Structure formats: structure tokens, C-alpha cells
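These notes are about the structure you will find just below.
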Amino acid sequence: MERIVVVGAGLAAAHAVETLREEGYWGPLTVVGNEPLLPYERPQLSKDVLQGKEFQVLHDAAWYAEHEVRVLTHTSAERLDLASRTVVLDDGQSLGYDALLLATGARPRVPSIPGVERAHVLRTWQDEQRLQAAIRPGARLVVVGGGWIGLEVAASARQQGTEVTVLERSDAPLARVLGPRLAEHLLALHRGHGVDVRTGVDVTAITPDGVVTSDGEISADAVLLAVGVTPRTELAEAAGLSVTADGVVADSRLRTSDPDVWVAGDVALATHTTLGPLRVEHWDDAIRQGRAAARSMLGDEVAYDWQPYVFTDQFEFSMEYVGHSSPTDRVELRGDVEQNAFIAYWLGGEDGRTVTAGMNVGIWDVNDTLREMIGTTVDPDQLTDLR
């Protein structure tokens with residue numbers, strides 16, 4: 001392998017670069033990123049950093065210099081030519097490659113409603129800085145969307161004295177992911193901390209004074225849109241790679257429809273060895289896919305075979321979730337739910353006894369055990385809180 005180019009400078013890209021050097025590749029290596037910063041972890045933006053704690057990049061400039069990695073910040077890839085194996089940048093420069101990794105990530109979904117340009121989104125450090133300026137005691141923040149990001153921001157802002165309203169279209173936040181009982185638990189948690197969570201609500205406009213909803217108007221000093229993300233597939237699609245609305249298609253080795261191009265992170269619709277085509281928008285998958293794609297580029301036999309993982313911190317609700325459950329799966333809870341110290345098991349399959357996912361809340365060092373249980377058949381009466 002003579003030349004490797006990585007387009008995208010997020011978590012997947014950083015771990016791919018790190019792995020390439022660890023595995024002995026010392027050829028030319030270039031990372032192209034459109035942000036002004038070196039690669040960093042995004043999960044901290046809605047949690048620690050938004051609460052005023054120090055922001056850190058994954059590796060400083062000295063690390064990239066020492067490892068002979070060229071990082072182009074403030075730079076976008078405008079065109080990909082698969083035939084000539086070149087990437088054309090927005091400054092007119094062309095980069096030739098022998099292997100290319102697309103780690104272009106995703107962008108916040110922005111609904112087509114009047115005044116939407118007035119709202120904040122949260123994806124980058126710059127987004128966080130603008131949002132942080134609006135979070136202060138007594139300020140009024142409306143969060144549109146009750147998913148992971150929306151609820152994490154709500155908790156971070158409320159802990160700093162901001163008056164927070166969360167607007168969620170469904171009957172309860174994260175109901176499709178967690179099931180009705182746990183969704184109601186999260187709903188009660190936020191309301192208990194003074195977050196005004198309103199469900200079954202549609203936002204029809206954003207005004208200088210707040211938002212207009214299907215239930216009326218809500219005054220706000222700032223509005224955050226947290227209604228999901230869309231994979232950044234434009235570069236791949238224009239080049240002729242296999243792309244769907246849900247990402248850049250890849251096999252279980254993270255290889256795209258072009259044999260010289262790999263994909264990793266939020267943009268990847270890769271073939272999981274047991275779950276099939278799967279795109280995961282979480283920290284752990286970005287790290288693992290970045291590492292796996294790097295090894296795949298070097299000719300190693302790798303497989304997308306690990307279970308998805310997500311974590312969150314919202315007030316006293318701190319958890320780790322592993323697996324891939326279905327909305328029809330049954331949820332079994334073991335432990336003290338009211339004290340946020342419990343294990344949740346999702347059971348599905350033909351017999352309703354196959355563990356599809358597990359979640360540890362306030363009980364630590366057990367997530368590996370839950371990961372090992374995924375796919376096994378259990379007796380529900382024998383399930384415990386693992387303590």
C-alpha cells in the first residue's frame with residue numbers, strides 16, 4: 001500500500017490513522033477534515049463540555065507530526081474520481097490514493113419549517129460553543145426532539161439552571177429504543193428535575209420569540225433541533241459508489257462497491273455478520289469501525305461482528321446499552337429501578353427467550369457479561385442484576 005487518504009476527521013478517522021501506524025503502515029497518510037480542529041470525540045459535546053468542562057482533541061499536533069500524518073483542517077473533499085483514484089479538494093488540490101477511507105460522518109437533520117434557520121444544532125465544537133452561550137441560569141431553552149442528544153442536552157442545561165422544555169412527537173422519549181416502561185422512567189426522571197417534557201407535540205415554526213407547536217406557542221431564548229442526523233453520502237454517491245438513503249453500502253470488511261475504497265463511522269451502512277446491513281450512530285462503532293477498516297485496508301481478515309453499544313449520562317441515570325433489540329421484544333428488569341441501579345434485558349426470538357440486548361444502569365463492570373449473553377437463550381426467572 002503506497003498512499004492512503006482518509007476523508008473525514010472524526011472519531012472513526014482518528015482511530016483508523018492510529019491503527020494504520022500501529023500495524024506498521026508508514027507510507028504517505030493524509031486526513032482531510034472540514035472543521036478547524038484536529039479529530040475529537042463528539043459525545044462530550046452534549047455532556048461534559050456543555051457543562052463547562054475542558055474540551056480535548058484525541059491527539060495533539062505533535063502526535064500527528066511524530067507519526068507523519070498530514071492533517072488538512074478547514075478543507076473539504078469536493079469530488080472523488082474512482083477511475084483515477086484521486087480526491088479533489090475545495091482549494092483545487094488533488095490527492096492521489098491507493099486506498100481511500102470515507103469517514104464523512106453525518107449532519108443534523110433540519111426539518112423544513114418556517115424560521116428553522118434561527119435554531120441551534122449540535123454536531124461540532126463550534127455548534128457547542130454557540131449553544132453553550134445560550135445556557136445560563138434563568139435562560140429558556142426549547143429542545144425539539146427527545147432522543148439521546150436532546151435528553152443529554154436537556155440534562156446538562158437544567159443542571160446549570162436553564163429552564164428547559166423538551167418537545168417530543170411520540171408518546172414518550174426513546175420509546176422505540178427502550179420500550180414504554182423505561183421510556184416512562186426517563187420521562188419521570190426529567191420531569192422530576194424540572195424539565196418540562198411535552199409529548200405528542202409537533203413544531204410548526206420557529207420564531208424570534210420561541211416556537212409554534214401543534215399545542216400553541218412556547219417562549220424561548222434559544223431553540224435546539226435534535227431530531228436525528230443524515231449520513232453525509234454526497235461525495236460517495238456522486239462518484240458512483242453504492243449508496244442508499246441510510247448510508248454508503250459496504251461489506252462485512254467495511255469495503256465499498258469499489259475495491260479501493262472503505263467506509264467507517266456514521267456514514268457506513270456495513271454488513272453485520274448476524275444483523276445484516278446496519279448503520280450505527282454511536283461512539284463505540286466509530287472507534288471499532290475505524291480500527292477494523294484500517295486493518296482491512298492492510299489486507300487483514302476482519303469482520304463487522306460486534307454488538308452495537310451506546311452510553312448516556314442524564315442526571316442520575318447513567319447507563320451502558322449493548323445489542324440490537326426490536327420494538328416487539330419483551331423487557332425484563334432486575335434491580336432497583338427507582339434508584340437507577342438495575343439491569344434491563346431485551347428478550348426476543350421465536351421462543352421469546354433469546355437475549356437481543358442488555359443495559360446496565362448504575363451497575364458497573366458488567367457490560368462485557370451482557371455482551372456475552374447476546375444471542376443466548378435464557379430462563380427469564382434466572383435473570384439477575386448481576387451483583
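Numbers here are sequence positions counted from 1. Nothing here was measured: the structure is a model prediction, and the numbers come from that model.
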Side chains of [X] and [Y]: donor-acceptor distance under 3.5 Å anywhere?
X	Y	value
Y40	E35	yes
Q314	H190	yes
D285	W306	yes
D329	T356	yes
T162	Q160	no
E128	H120	no
T271	D251	no
N340	H185	yes

So, does [X] use its side chain to make a donor-acceptor pair with the main chain of [Y] at under 3.5 Å?
X	Y	answer
Q44	Q56	yes
S257	S242	yes
R109	V227	yes
R169	V201	no
D90	E78	no
Q289	A264	no
R255	W262	no
Q132	V49	yes
N34	S76	no
H67	V69	no

How far does CG of L80 sit from OG1 of T86, to the nearest 0.5 angstrom? 7.5 Å

Residues V366, I343; criterion side chain to side chain contact (heavy atoms under 4.5 Å, CB included); working and verdict: CA-CA 9 Å; V366 299; I343 305 292; 4.0 Å; yes

Is it the case that more than 12 heavy atoms not belonging to D91 sit under 6.0 Å from its CG atom?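 For D91, atom CG is crowded (more than 12 foreign heavy atoms under 6.0 Å).
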
When you compare the side chain of [Y] with that of [X], does any pair of heavy atoms fall below 4.5 Å?
X	Y	answer
T274	D305	no
V243	V249	no
F342	R334	no
L141	V153	yes
L333	Y345	no
V57	W63	no

Looking only at heavy atoms, what is the nearest atom pair of [X] and [Y], with distance?
X	Y	value
V267	P231	CA-CB, 4.0 Å
A16	L101	CB-CD2, 3.4 Å
H59	Y64	O-CE1, 3.4 Å
S296	V302	CB-CG2, 3.6 Å
Y97	V261	OH-CG2, 4.0 Å
I363	N360	O-ND2, 2.9 Å

Would you call R21 and E23 a salt bridge, taking side-chain N to carboxylate O under 4.0 Å as the test? no

Are E234 and R232 close enough for a salt bridge, meaning some N to O gap below 4.0 Å? no

W346/S326 under side chain to side chain contact (heavy atoms under 4.5 Å, CB included): CA gap, chis, key distance, verdict: CA-CA 8 Å; W346 279 260; S326 165; over 6 Å; no

Apply side chain to side chain donor-acceptor pair (under 3.5 Å) to the pair T199 and E168, showing each step before the final yes or no. CA-CA 5 Å; T199 59; E168 167 60 35; over 6 Å; no

Counting the benzene-type ring for Trp, do F311 and W283 have ring centres under 6.0 Å apart? yes

Kindly assign one of parallel, tilted or perpendicular to the pair Y304 and H272, based on the angle between their ring planes and the thresholds 30° and 60°. perpendicular

Is there a salt bridge (charged side-chain N to carboxylate O under 4.0 Å, His left out) between R279 and D266 once you walk through the steps? CA-CA 7 Å; R279 190 174 69 84; D266 289 2; 5.8 Å; no

State yes or no: do L174 and V322 share one hydrophobic cluster built from I, L, V, M, F, W and Y residues joined by side-chain heavy-atom distances below 4.5 Å, directly or via other members? no

Checking side chain to side chain contact (heavy atoms under 4.5 Å, CB included) for the pair S219/D209: CA distance, chi angles, key distance, verdict? CA-CA 6 Å; S219 298; D209 300 317; 5.5 Å; no

